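Notes to accompany the following structure.
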Protein chains: 2
Amino acid sequence: MIGRVVGGDPKGYGGSMAFLLSQVGARTAQLFAAQIAPLGITPRAFAILSNLGARQPQTQQQLADGLGIHRNNMVSLIDELEASGWVRRHRSPDDRRAFEIHLTTAGREVVTQVNALVVSLNEELAGALAPAERAAFTSQLTRIAQSLELESAIHPHVAGRAHASPP
Amino acid sequence: MIGRVVGGDPKGYGGSMAFLLSQVGARTAQLFAAQIAPLGITPRAFAILSNLGARQPQTQQQLADGLGIHRNNMVSLIDELEASGWVRRHRSPDDRRAFEIHLTTAGREVVTQVNALVVSLNEELAGALAPAERAAFTSQLTRIAQSLELESAIHPHVAGRAHASPP
DNA sequence: AATGATAGTCACTAAACCGGACAATCCTCA
DNA sequence: TGAGGATTGTCCGGTTTAGTGACTATCATT
């Protein structure tokens, strides 16, 4: 009774976990992108800033590996971040090929602001559930994420070519 | 205690419903696309076939409206579907501008095959949960989908430009 | 019949991402 | 020590994907 897709109404994927998850996930990502857009930042760029907020400094290569983004794309991404004043390139003292990417004060501020938006988005999502349900739901969702071998730092959308859709 | 993102470890969005949902959703969509790819079909194309399976025939315009896909893009989508032999264009007797899109026998078969894949994907996802948890989880997910005003037929990824990513 | 709306089509554009190639630098080991 | 191979950041081109504008044929309304 798990995968009921054939029975009932055709075209009704309303009970399909796969469809629901990808649908809700896509919409959530849309909302997030729309909410941070006024700050002049994209989800991908924020992923970099956030990652730097956790560990600093990192080279472009380290960031690319950590987030699953292609090396080549990291170049222009850092360019934009630097142009926005959120990040600065410093030559590494250890390796003259590499740049150490440092978060600026403004960059740290953006991370804080976006984190606040994430909190409010979380509350908006959780609002559909009874307070008593929320912890269990998150725990179950986490278990699914683990079973899919998702690492907490890598988001399939942030990482390379990852389209696809329903269900 | 819903939106814990700031506390604990920075960069740790592991407890954020928004991040988890979009991450799991994106991965689910990826898996689905990968699983149907051997059949020579994309998620977008399947959405059309599946919709036709539920109501037939429909004009391109009706399909575009129903799935949230742009009219112009529907043209090449139907072209491919027709080239694959899953669909046929018949001139509408009522409106000589419009085409009625009809599912062929092969098209119906593909829908059946993909639906079977969806069932197995659902089982794979549900496998991370205890059997007793599954119904509640799906119900909660459905409530979240409703609170986001998601219609069961429209998938944000299938419909227009819908990138975005974390939290 | 005339005017405006609508269905489908096509061509052009914009964005995202990948792969290949390249210079500078590092590393290793004979 | 120095020569070959690997690595870092960079750039460029090609591909894919989706959206826009304009066009034709047809319908609907008056």
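Nothing here was measured: the structure is a model prediction, and the numbers come from that model.
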Under 4.0 Å between a side-chain N/O of A:Q62 and OP1 or OP2 of D:dT8, yes or no? no
Indicate whether OP1 or OP2 belonging to C:dT9 is found under 4.0 Å from a side-chain N or O atom of B:R97. no
What is the distance, rounded to the nearest whole Å, between atom NE2 of B:H70 and atom P of D:dA22? 13 Å
Of all residues at least two apart in sequence or in a different chain, which pass the salt bridge (charged side-chain N to carboxylate O under 4.0 Å, His left out) check with B:R143? A:E133
One pair to check against side chain to side chain contact (heavy atoms under 4.5 Å, CB included): B:F19 and A:N122. What are the steps and the verdict? CA-CA 9 Å; B:F19 183 85; A:N122 282 340; over 6 Å; no
Taking atom P of C:dA16 as reference, at what distance in whole Å does atom NE2 of B:H157 sit? 14 Å
Residues which pass side chain to side chain contact (heavy atoms under 4.5 Å, CB included) with B:V110, listed by chain and number, not counting sequence neighbours: B:I41, B:L49, B:W86, B:V114
Please identify each residue that fulfils side-chain hydrogen bond (donor to acceptor under 3.5 Å, both in side chains) with B:Q58, with sequence neighbours left out. B:N51, B:R55
Starting at atom CD1 of A:I69, determine the distance to atom C1' of D:dT8, rounded to an integer number of angstrom. 17 Å
Spacing of A:L63 atom CG relative to D:dT10 atom P, expressed in whole Å: 12 Å
With respect to the phosphate group of D:dC27, does any side-chain polar atom (N or O) of B:R96 fall under 4.0 Å of OP1 or OP2? yes
If the condition is side chain to side chain contact (heavy atoms under 4.5 Å, CB included), which residues does B:D65 pass it with, not counting sequence neighbours? B:Q61
Please state whether the phosphate of C:dA7, meaning OP1 or OP2, lies under 4.0 angstrom from any side-chain nitrogen or oxygen of B:Q61. yes
Using a strict heavy-atom distance below 4.0 Å, which residues from residues 71-83 of chain A are in contact with DNA chain D? A:R71, A:N72, A:V75
Among residues 87-95 of chain A, which residues get a heavy atom nearer than 4.0 Å to DNA chain C? A:D95
